[in-house]
Protein chains: 2
Amino acid sequence: MPKVVIVGGGFAGLSAARGLARERDVEITLLDERNYHLFQPLLYQVAMAVLSPAEIAAPIRSLLSRNPRAAVRRERATAIDLGERQVLTDKGSHSYDYLILACGVRHTYFGNEAWEADAPGLKTVEQALEIRRRVLEAFEEAETETDHDRQKALLSFVVVGGGPTGVELAGAIGEISRHTLARDFRTIDPKHARILLIEAGERVLPSFSERLSSRAMSDLESLGVQVWTGSHVTQISESGVEIGEERIAARTVLWAAGVRGPEINQSLGVELDRQGRAIVNPDLSLPDHPEVFVAGDQAHLAADGEHPLPGIAPVALQQGHYLAKKIRKSLRGGSSPDFRYRDKGRMATIGRSRAVAEIGAIRFAGRPAWWVWLVIHIYYLIGFRNRLLVMLQWAMAFVSFQRGARLIVGKRWRFYEDPRPDEDREN
Amino acid sequence: MPKVVIVGGGFAGLSAARGLARERDVEITLLDERNYHLFQPLLYQVAMAVLSPAEIAAPIRSLLSRNPRAAVRRERATAIDLGERQVLTDKGSHSYDYLILACGVRHTYFGNEAWEADAPGLKTVEQALEIRRRVLEAFEEAETETDHDRQKALLSFVVVGGGPTGVELAGAIGEISRHTLARDFRTIDPKHARILLIEAGERVLPSFSERLSSRAMSDLESLGVQVWTGSHVTQISESGVEIGEERIAARTVLWAAGVRGPEINQSLGVELDRQGRAIVNPDLSLPDHPEVFVAGDQAHLAADGEHPLPGIAPVALQQGHYLAKKIRKSLRGGSSPDFRYRDKGRMATIGRSRAVAEIGAIRFAGRPAWWVWLVIHIYYLIGFRNRLLVMLQWAMAFVSFQRGARLIVGKRWRFYEDPRPDEDREN
């Protein structure tokens, strides 16, 4: 029976696996170092204490349990042996007839990787919980801090990067400080917290139209967020950020500024783009390896011959579906046309009831955009259970301004959490 | 204005604070090293992947935000200076006119504290998540393990201690292995997992009647749990447990066997019982210190002159209410009768739809007891939001046999999580 190995249980990998699960005569193995599929577009709401991780995640195993020919292995792929058609993992190896790589991306600090300790990014559940911890703890520490300068630094929040994630994080911190915590402290007034959104380019949300981008900026400002565009961060440390000659004292700095492809791309022997993503053929296959595909954020597919497709969920989902179909056809000796992305638009939320959206030629903002955002995100959430719970949490947060998950749990950590099973680690 | 300092935001501390919050002429300071109140009776459901931490916890701050004279400080009390009437904390000190100590208890390993690394207890959210991680990871690792003996050890779960927590944990692992995971693995069959509940005494649930205790045992057995009574654990290590000459290879061992009073009791200069709990007067005050009270698990109050009151939520709640009333009266120069516990009974669940309950003279088991358990726990959960969410999670878990929070998050840790803020720690 032909073997399909899928590396990664994100949007691309999971939709490929589900598309192939209908096929009778194929063995599927999905490898992921995590045991759950994560609905990444809502991860910032875990960081911002609205949702719990379990509400936007589902075990990969149970999502694929109906098909007895689909196996899920909690392994970390370390390299690909294209000649032998094998995936090497931390626990062994898997041979394949077809391979789908969908490992996603990580944050990059553009050569300043040491900044990560003081400015975590938002890609994993662990990182989201760490960001939640730092933001909530900053207010708690400020309440008991007697030194004025240190208190001010504790109440200063810097978000680096003005893309959708940065805008969503900054807007949410604005809302937390201006609304959620308004009545809860006695020494400090959370309303006086400074929130800075720093963007190197000319405007926030550069992938949106200029009109929506300026609308997003004024929405942010109404939540107390100060937007600094054209500002390059040159240093990040425990005490704050530097932007050239300027210095901002801030205890909480969050990173939403850049991503790079996974290390496994190095073992593919193909050209990588500047972000380390694998440059693929128009059918997502590797040059000279029609049996190996790269999908989702990990791939660089130049759709219009110029810009690569953006690293967003709809691209990954469509590519996963496409590959499932392509492999099913190929098993019957057929061939498929190239992948074509059907652009369904883009959106970003700002705080509790505002958003900006571009759907085809239609551009809109404010409350209508927020409602559309809401409906789409509920619709695409995997699992009825999660949909219901997230709707409820949102409804309650909307009515009460409160956030259901305001818990400070665990210790502060300093570096990217290593998700390897513990036998590979020192402690 | 008289100052009341409350140490601990558990059932006793919080109910005292809420009872006093109505009082106009008193300043309340509640100290807790954590920012949330935790509904401890459902913590095992967090460990067993049914609930998320945020569903059984609520920020202490927002629970007390309505009263501007109630301050919440995230500080850890380290000692009490009874002479100077001061609480010393990691961040400073607080003087008091009335003091309520309600710090709860910790696990004890009866002198073998090193066992904690291999047999975590269940008192904190961090511990619950660690237990969840270990249980879920054991199945994941067993799926990829090729060595037969190691696979068997991975699929062996030992729970030490046959009280309500031990029974609830063992029953839940039985259900997970026999139902939840039944279809999700390809190499292993989770149904063959061994679950051992080890109790030193003659029977499980020793605080219940013999009839209910034997009913609980047969309910556990029907879920595949092997109950070993009269068995003293003499050694716990990474490879498993020893019971005298017997050895059981098990990668997952959970501890539900004993508690000890908090260290702060040492600074009270009063008699402590064998478990290190402070022995208090019938009105919960310390001998010679009518302005200092100890409540909840931290206190030893011999109700009938013999057995101390059990360390359960109803006792703590009633003591908190009692102290609020007593202090309010005392502020007006009045006095109060001694504390009297109104015993509302006890209950424990076994798996998905069974329980045992004793309410006054009524003893019952099975599905009716489970429904009563359900209603009572929903009723006492703090916050409408949590009630609704937990009901939903339970309804869905009941219908689908699935568990909503089956996520493996973070690293395996080895020792009790230190909840101090990070400046006190080395990393």
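Chain identifiers are assigned alphabetically (A, B, ...) following the order of the sequence lines, protein sequences preceding nucleic acid strands; residue numbering begins at 1 within each chain. The structure presented is a predicted model; accordingly, all values stated were derived computationally and were not measured.
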Exercise for review: Flag the one option from A:Pro53, A:Pro68, A:Ala57 with the top tally of heavy-atom pairs under 4.5 Å to chain B.
Suggested key: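 Top count of heavy-atom pairs under 4.5 Å with chain B: A:Pro68.
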Check your understanding: Under a 4.5 Å heavy-atom cutoff, which of A:Thr146, A:Thr187, A:Asp184, A:Thr144 has the most pairs with chain B?
Key ->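 Ranked by contacts with chain B, first place is A:Asp184.
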Do you know which two heavy atoms are closest between [X] and [Y], and how far apart they sit?
| X | Y | result |
| --- | --- | --- |
| A:Leu389 | B:Gln393 | CD1-NE2, 3.2 Å |
| A:Ala54 | B:Ser52 | CB-OG, 3.3 Å |
| B:Ser65 | A:Arg183 | OG-NH2, 3.7 Å |
| A:Tyr36 | B:Ile408 | CE2-O, 3.4 Å |
| B:Pro59 | A:Arg406 | CG-CB, 3.5 Å |

Check your understanding: For A:Leu392, is it the side chain, the backbone, both, or neither that has a heavy atom closer than 4.5 Å to a heavy atom of chain B?
Key ->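 Interface part for A:Leu392: side chain.
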Exercise for review: Please look at A:Leu181 and chain B and tell me whether the side chain, the backbone, both or neither of the residue comes under 4.5 angstrom of a heavy atom of that chain.
Suggested key: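 Answer is neither: A:Leu181 stays 4.5 Å or more from chain B.
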Contact class of [X] relative to chain A, heavy atoms under 4.5 angstrom:
| X | result |
| --- | --- |
| B:Leu64 | backbone |
| B:Glu75 | side chain |
| B:Ala70 | backbone |

Review point. How long is the span from the CD atom in A:Glu143 to the NZ atom in B:Lys91, to the nearest 0.5 Å?
Key: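 Between A:Glu143 CD and B:Lys91 NZ, I get 10.0 Å after rounding to 0.5 Å.
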Practice item. Please determine which of A:Arg61, A:Arg74, A:Arg73 meets the side-chain hydrogen bond (donor to acceptor under 3.5 Å, both in side chains) test together with B:Glu140. Key: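 The option that passes is A:Arg61.
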